[in-house]
Structure formats: structure tokens, C-alpha cells
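For reference, the structure is listed below as C-alpha cells.
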Amino acid sequence: MARNFPLERYRNIGIIAHIDAGKTTTTERILFYTGKTYRIGSVDDGTTVTDWMAQERERGITIVSAAVSAEWKGYQINVIDTPGHIDFTAEVQRSLRVLDGGVVVFDAVQGVEPQSETVWRQADRYGVPRICFVNKMDRVGASYDRTIESIRHRLGANPLPMQIPIGSEAGFRGAVDLLTMQAIYWEDEQGREPRFAEIPDELREEAETRRGELVEKIAENDDDLIVKYLEGETITVDELKAALRKAVIAYKASPVFCGSSLRNKGVQPVLDAVIDYLPSPVDIPPARGIRPSDDSEVECPTDDDAPLAALVFKIVTDPYVGRLAYFRVYSGKVVQGEMVYNSVKGRRERIGRLLRMYADRREDVTEVLAGDIGAVLGLKESFTGDTLCLEKSPVVLENITFPEPVISVAIEPKTTADQEKMDEALHRLSEEDPTFRVRTDETTGQTIISGMGELHLDIIVDRMLREFRVQANIGRPRVSYRETITRPAIKVNYKYAKQTGGHGQYGHVVFDMVPGEPGSGVIFENKIVGGAIPREYIPAVEKGVKEATETGVLAGYPVTDIKVTLTDGSYHEVDSSEMAFKMAAIFAFKEGFQKGAPVLLEPIMKVEVSMPNEYLGDVLGQLSARRALIEGTEMRPANAQAAHAQVPMAEMFGYATDLRSATQGRGVFTMEFDHYAPVPASVAEKILNR
Ligand SMILES: Nc1nc2c(ncn2[C@@H]2O[C@H](COP(=O)(O)OP(=O)(O)OP(=O)(O)O)[C@@H](O)[C@H]2O)c(=O)[nH]1
């Protein structure tokens, strides 16, 4: 099958924003103007297309990144929806991983907000070129210039204003395009037919000055243009666009546009800018992967004829269609009916029905080519982060790293008859969401779910009810503590020997256990030389270690940041078994752990609170009472202050309510996991006594 469009005419983009900046409304308008939806959706009526999940509609929050395809002026634009709420940064991360460019939406009243900073930094990390859209120009207090200033100062970015607004607040009517020096007005109700006109007299001088500044800034980035500029030669609009495109793709500049999605103004120039300035899959460096046989690095060129390399970035369990895996093809093609190889799981899978998702329909396709995004039904073993490739030429694309869940709650079905249904529902939800985990507490037999915050777990419980019809009670949220050792335990020696009737059980291991780097998890290494323990028993020893780390010795929390090295041991010709070696490993681990001066670790969150000036004292007081380490404060526009702090997760429950009452509802905060740190002794004692 030929491509719908040449590869240079693909754009894989995300609409990135902090909560409530208008991402969903803007996405809606994009889908509307690109002609794939037949009426304008509205977040406030709960009729949007991308917010298809019921509770998203109710809460007005976009949770799931659906990938939707659209067409604009002969280009294919794949829009990957990204969530704005901090509890879902894992969703943001995994979508950023497969995007080639982003449209960052700002609220013209609020300017840069804490969450815009978080996602902006993440976009830096994943190397996503961006254009900016200053939305909500119709609101009272909207300011295009102040928003651009905050992009420059707070994000340290290089924003280039491409327009100036015409009219403001309720009188906002259109914009002056500083490249073409034309005025654009949106006058019809749906904003479908922008009217182009002369620049109004009162804006002409400002437009001239700002065009001069813009041309200089663009020319600065291009050796040929700067010469022309300095020599006073005319530079054409096409030359300016070409130079700006290069600068955007090299992360040197971000063009800025203005509008009001809700009032149907200003969206088409953003679509034009997506085409003009954001990269196609061939403009970005090829993806890199690892050859599993020898760990060598391989390049995955954007080429349909190269061996397949595709990344699964999203699993959605659709109650009607089934399990849908969204993937991005880097090299080669995914073909319906063919076998592919999941190199992370080491499994073969058959590609079932292949779909391209539009806002209002699904389209069956026979193949998805390099640089494109698709969805497949029927994969059984493949999850978010897995690579699909060819068995004869396996490759593992760089996996997506997700933060560890920081809170957990016990959950039980309202009726015991629902237990099985609940287990199934939780299992499926955890497949979709790598930051959501399910486990059974060994001592109480309770089902424990863990996630990134209270809202995250609320939504899981809500989805269980709606999509799987399981009612559940949940307990009080608890912090996900961890356990580790602080001192090495060398030559821990354990001999597991049992004589039961005829056959005996014999396994003997010697371990060195040392504290690991923060964030290193559990590492097992086999250093036995010679045949102290036959090779076939080593996996059983490793399994025993892994099992022992699942429930720690101090208070049953998972163990982390520890390195276990198997150095010696012995076996018995007749009585040794895998079981015996596993048991020996479990007992040795427990013994060594006690010797290693074990401590409890707690998750420490990076918290940023912003509020009007007059509440700063109260906010800092509240934070200090919550064991916060205040890192600093800074002035924000419009008489606001921001406080940065590190606060133990345990102290953050109920913070939203406290902050609201201390600031008369005007303070907002964001938090994200930062690191694990030892719990102070006095606090640890209380937790251990519980
Ligand atoms: N006045 C005004 N309000 C807008 C505009 N765009 C969006 N809104 C409103 O702002 C609110 C948030 O808009 P959404 O589109 O849901 O924002 P979002 O960023 O997608 O939020 P999440 O999906 O929850 O992350 C809604 O009530 C919109 O109606 C605009 O241009 N002007």
C-alpha cells in the first residue's frame, strides 16, 4: 500500500499543557477544522471526542492519551493527547517519547503555571521541539505579552511572538501575522472562514517594530540570513520560515501564537505552524535501539524497507473492541496478519486487526509504515514500553522509565462474589498503566493497589465501577515505604537442610549483601567460580532473593537499593533441588538483612506551591509543620509567590484542603516523586509499631 502522504508530510504531535489551559478545547478545534468531526465538541457540555471516558467528562480532565489522525492542507497530523494533571506525568512521559513535536498551550491570564514547567522540562528531556499557543485571549485579565515574558523567564525558553493580538478580552477579534503583515479576523460563529485584511492603523507602527525584532531574531540563527539582514537586503517570508523551521527543530526557538479556542479564534494559524515549523519523522535523528544478543547499539532509520522497530506506547482496554495497543513505527512496517517479535518479552505475536483512529471513526488499514502511528487489536503479551520487531533481526528500543508508585490503599469488593471480577479488572487496568500496581499482602490477604497519588487511585476505582461493573471499598491511603540496609553484610552463610522421610532437601548459599546506589533497585550477581553450586540451581537462588525482597524484614515493605552477590555455597548429589536452593536464598537474605542495619525509606516529593504574596507566611508555616525542607521562594508575576520544598509523601495527605483554606482557595500546588530517603527514627518507630 502506498502512503497517503509522503513521509515529509507527517507530523506526530502532542498538545501539551497544564490542567485547564484549554488543551482539550484546542484539540477539539483542531479536529473540527481538519474536518474529521462534524460538530464542535465542548468540554463544558461533556461532549468532546478525545475525552471519551465517562469520568473524564465528569471531571473535565483528560486522562488517557488517545492518538487521533487528522489531515491539514495535504499533511497527515497524528495528534497524541497528553494529560495535564501531575498525577499522570507517566502518561505525559510516554506520549512525549513518541512525539516529534508539541504545541504547548498556555492560559493568557495565568501565564506559565507550575505544571507547564514540569511538562516543559520533560519535553526538553525527550527533545521535543515546540510551538506555543497563548489561549484564552478573550478572558478578563488576559495578557499576551506577560505570558510570553513568563515563557522566557520561568521556562528559560526563546519565545518568538509571530503575531500580535487585535482587541483584547471580550473584544478580542483576531491577530496580526508578523511574517505576512496581514490582519486575520475570525468573525463567523465557528471560526471556519478567517478573513484576511489590512493591518488596522492603530497597530501598524507596533507591528512594524515587532516584525523588525522578529526578523532579526530569526536571522540570528542562520548564517546566510544574518549576512542578508546586516546588509539590509530583503528577506522573503519563505526564507524566514525555512530558517525558523531549522531553529525550532534545533530547540533554539519556539514561535508563539495567540487565540481563544473556546471562541473559535486563532486555531488555524497554529495548524499551519505545525506544518511549517514542527519536524516530520525524517527531520529527527533516527531512534536508537539495543541488539539483545550482544548489547550493541543499532540505529533504526525512518525507512519502510528497514527491519521493523516499533514501540508500544499505550494499551487501552476498550470494553467493546477489546485490548488495543497503540504503537509508533520507527523503522519498517507493521503488516496485518504477519508475525512480529516482542523483543522485551521474547515472544512472537500475530498482528490482528490494524486501525487508524480518527476523531469520529476507526479505519481498518492493512499496514502502518515507518514514521506513523497505529493501533492493533489482538496482541496478548505486549505492553507499554515493549518493542515489536522481526525475530530474525531483534532490537530493543530504549524503554520508557516510569516513577515508582508512592501511595497505596487496601481494596476489597463490596460482595465476595465480585472478588474474581475485581481481580480481573485490576489486572487489566495495571496492564494499561505502568504506574499502577496490584499486589496481595501476604500477612492480611488483602489486595493492595498503588499509584501516583490520591486522584490517580480514585480514578482507577471509578473506572472499575464504570467499565467493569465492580463495586469496591477502599481503605485509607498509605504511603508506599521501602526497606533497605545501610551497612554491608559480608559472607552471610545459610545452609538449608531437611530430612523428610526418604529424600532430603539440601541447599547452601553464601552471600555478600551491600547497600546499592539510590534508585538502583535490587541487583543480583553470581560470582561463583568452579562448581560450588551447579549452574542449574543459580536461577532458583536468584528467585529466592527476588521473593525475599518483595516483603521486607522490618515491616513487610518491599526492599530496594541493595546488591546481593552469591559468592559460595555447596550442594548434595542426591538431596539438592531448586526448591532447597530457593529456600536457602530466602533465609540467607533475611539473616543478612538484619545484619545490615536495616532502615525504612519514605518517598520524598518535590512540591511547588504558588499563591498571592500575602499568604506566603502561612503557606511556609503549613509546609514546615509537614516536615518540609523549604528550598526557596521566588516572585511570580501579578504579585504572586512560589515556594519550592521537599516534603515526605506521608505528610501530604489532605494538603489540598489545608492549602485551600489557608489561601482562600487561591493557592495551587503540584507535586512529583523525587527520591526515597530514610524515615527519621522517631517517625519510623511509630510506623513499625503499627
Ligand atoms: N474563556 C475561555 N475559556 C476557555 C478557552 N479555552 C478553554 N476554556 C475553558 O477552560 C476550561 C478548561 O478547558 P479544557 O479544554 O478542558 O482544558 P484542558 O487543558 O484540556 O484540561 P485537562 O484536559 O483537564 O488537562 C474549560 O471550562 C473551557 O471551556 C478560551 O479560549 N477562553
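We count ligands from 1, going down the list as the structure has it; atoms in each ligand are counted the same way. In what follows, every heavy atom counts, from backbone to side chain, and hydrogens, waters and symmetry copies are set aside. Source: prediction; values computed, not measured.
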> Given I16, N264, V109, N135, which one has a non-hydrogen atom that is nearest to atom 6 (N) of ligand 1?
Replying inline: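 Residue with the shortest heavy-atom distance to the ligand atom: N135.
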>> Using a 4.0 Å cutoff against the non-hydrogen atoms of S260, which atoms of ligand 1 qualify?
In response: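 Those of ligand 1 that fall under 4.0 Å from S260 are 30 (C), 31 (O), 32 (N).
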>> Quick check on contacts: which atoms of ligand 1 are under 4.0 angstrom from a heavy atom of T25?
In response: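 Going through ligand 1 atom by atom, the ones under 4.0 Å from T25 are 7 (C), 13 (O), 14 (P), 15 (O), 28 (C).
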> Does R328 reach the main-chain N or O of I373 with its side chain, forming a donor-acceptor pair under 3.5 Å?
Replying inline: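 Checking the backbone N and O of I373 against the side chain of R328, no donor-acceptor pair under 3.5 Å is found.
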>> Given 3.5 Å as the limit, does a donor-acceptor pair link the side chain of R11 with the main chain of V274, or not?
In response: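 Yes, because the side chain of R11 sits within donor-acceptor range (under 3.5 Å) of the backbone of V274.
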>> Ignoring hydrogens and geometry beyond distance, is a side-chain donor-acceptor pair present between D372 and N78 at under 3.5 Å?
In response: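 Yes, because at least one side-chain N or O of D372 sits under 3.5 Å from a partner of the opposite role on N78.
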> Regarding Q641 and N613, is there a side-chain donor-to-acceptor distance under 3.5 Å anywhere?
Replying inline: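 Per modelled atom types, Q641 and N613 side chains form a pair under 3.5 Å.
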>> So is S261 touching ligand 1 or not, going by heavy atoms under 4.0 Å?
In response: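 S261: in contact with ligand 1 (<4.0 Å).
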>> If the threshold is 4.0 Å, N to carboxylate O, is there a salt bridge linking R323 and E431?
In response: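 Salt bridge between R323 and E431, a charged N being under 4.0 Å from a carboxylate O: yes.
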Any nitrogen or oxygen of [X], main chain or side chain, under 3.5 Å from a nitrogen or oxygen of ligand 1?
X: K136; result: yes
X: R263; result: no
X: G259; result: no
X: G22; result: yes

> Angle class for the F436/H456 ring planes (parallel below 30°, perpendicular above 60°, tilted otherwise)?
Replying inline: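 It falls in the perpendicular class, over 60°.
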> Between Y655 and F669, what is the ring plane arrangement, given parallel below 30°, perpendicular above 60°, and tilted in between?
Replying inline: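 It falls in the perpendicular class, over 60°.
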> Using a heavy-atom cut-off of under 4.0 Å, does the side chain or the backbone of R139 touch ligand 1, or both, or neither?
Replying inline: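 Side chain only; the backbone of R139 stays clear of ligand 1.
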